[in-house]
Colleague: 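Shown below is the structure under consideration.
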Amino acid sequence: EAGVAQSPRYKIIEKRQSVAFWCNPISGHATLYWYQQILGQGPKLLIQFQNNGVVDDSQLPKDRFSAERLKGVDSTLKIQPAKLEDSAVYLCASRRPGTNTEAFFGQGTRLTVV
Amino acid sequence: KNEVEQSPQNLTAQEGEFITINCSYSVGISALHWLQQHPGGGIVSLFMLSSGKKKHGRLIATINIQEKHSSLHITASHPRDSAVYICAVRGAQKLVFGQGTRLTINP
């Protein structure tokens, strides 16, 4: 089966600009996650969707970050305006419904804010 | 204290050595994942386990639920095994990640 697709792979923007990332999960995977991974650290959950509903966005900096999954399939993550500390890899993952189903990860988008 | 702790944070070894990476967690879990991340950033799932032991090629993962501890072993290590290895635990719904172990295998 096709994996989790993310784009772009790399993005460089200036601070205060806006940026958007796109994720296409594996077909049939109702659960979708966005993670932020700062260099040298483990991934941190930003938001979790179940179909098109938000399950957990407690660690999403809502003043500048937003995410949507309007039709319960693709998802976009937006940062507006970006700060230097937003430089990180943004990972998307998806999995089928169920207690012990495996999560599959995309290649990530490496964002550099200058 | 982090919910998921890995050790060591960095590990350098010679080709052929037996490698062990440890993961301890403090929360109740339904499953534990071992993940491999290469420099490009992409993550590959190596194992998902909730009890006992799993083996895939030169990789072995074990988990002790009572002790809340898991280990990832690599036998006959090779330079291509160089990567960051991440332990992640699943509680009710979400995955919580360790900080990763950077493994470098020198030829």
Side-chain angles (χ1 to χ4, degrees), chain A residues 1 3-11 21 23 26 29-51 53-60 87-112, chain B residues 1-11 21-25 27-52 54 56 61 63 65 72 83-104:
Chain A
E1 59 186 355
V4 177
Q6 286 188 247
S7 67
R9 284 296 314 278
Y10 305 94
K11 189 76 177 177
F21 313 128
C23 173
I26 293 172
H29 284 200
T31 304
L32 184 147
Y33 307 87
W34 281 104
Y35 291 91
Q36 180 194 58
Q37 186 178 21
I38 292 171
L39 187 64
Q41 300 181 17
K44 181 188 84 171
L45 178 68
L46 292 175
I47 189 166
Q48 177 185 342
F49 290 95
Q50 184 74 17
N51 296 306
V54 174
V55 173
D56 184 350
D57 64 356
S58 56
Q59 297 194 82
L60 186 74
S87 295
V89 174
Y90 290 84
L91 292 161
C92 179
S94 71
R95 66 181 183 91
R96 282 196 189 90
T99 305
N100 276 339
T101 56
E102 191 167 351
F104 293 83
F105 290 81
Q107 288 292 305
T109 296
R110 183 178 295 279
L111 173 68
T112 303
Chain B
K1 188 179 188 300
N2 293 333
E3 292 176 298
V4 182
E5 293 277 355
Q6 285 185 238
S7 63
Q9 288 193 23
N10 292 284
L11 178 57
I21 299 171
N22 297 300
C23 175
S24 297
Y25 53 92
V27 295
I29 69 168
S30 59
L32 182 144
H33 298 256
W34 279 104
L35 309 164
Q36 182 190 54
Q37 185 172 36
H38 281 280
I43 288 180
V44 174
S45 178
L46 299 174
F47 296 103
M48 184 182 74
L49 63 165
S50 52
S51 66
K54 285 190 176 180
H56 186 244
I63 187 168
I65 298 294
L72 176 69
V84 175
Y85 292 84
I86 302 173
C87 169
V89 300
R90 181 178 313 146
Q93 283 254 26
K94 66 180 182 182
L95 285 173
V96 179
F97 291 79
Q99 77 276 30
T101 295
R102 182 173 299 278
L103 174 66
T104 303

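Letters go in sequence order (proteins before strands), and every chain restarts at 1. Everything numeric in this text was worked out from a predicted model, so none of it was measured.
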Colleague: Would B:I86 and A:Q37 count as a side-chain contact (heavy atoms from CB on, under 4.5 Å) if you check the C-alpha gap in whole Å, the side-chain angles of each, and the deciding distance to 0.1 Å?
Modeller: CA-CA 12 Å; B:I86 302 173; A:Q37 186 178 21; 3.9 Å; yes
Colleague: Any idea which heavy atoms bring B:R90 and A:A103 closest together, and the distance?
Modeller: NH2-N, 4.3 Å
Colleague: Applying the side-chain contact (heavy atoms from CB on, under 4.5 Å) criterion to A:P43, which one of B:L95, B:I43, B:V96 satisfies it?
Modeller: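 So the option named by the test is B:I43.
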Colleague: Check step by step if side-chain contact (heavy atoms from CB on, under 4.5 Å) holds for A:R95 and B:M48.
Modeller: CA-CA 13 Å; A:R95 66 181 183 91; B:M48 184 182 74; over 6 Å; no
Colleague: Please classify the contact between A:A93 and chain B as side chain, backbone, both or neither, with a heavy-atom cut-off of under 4.5 Å.
Modeller: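 Nothing of A:A93, per the 4.5 Å heavy-atom cut-off to chain B.
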Colleague: Answer yes or no: are there more than 12 heavy-atom neighbours, outside A:K11 itself, under 6.0 Å from its atom NZ?
Modeller: no
Colleague: Over all heavy atoms of both residues, which pair between A:F105 and B:L35 is shortest? Give the atoms and the distance, please.
Modeller: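 In terms of heavy atoms, the two residues are closest at CE1-CD2, 3.9 Å.
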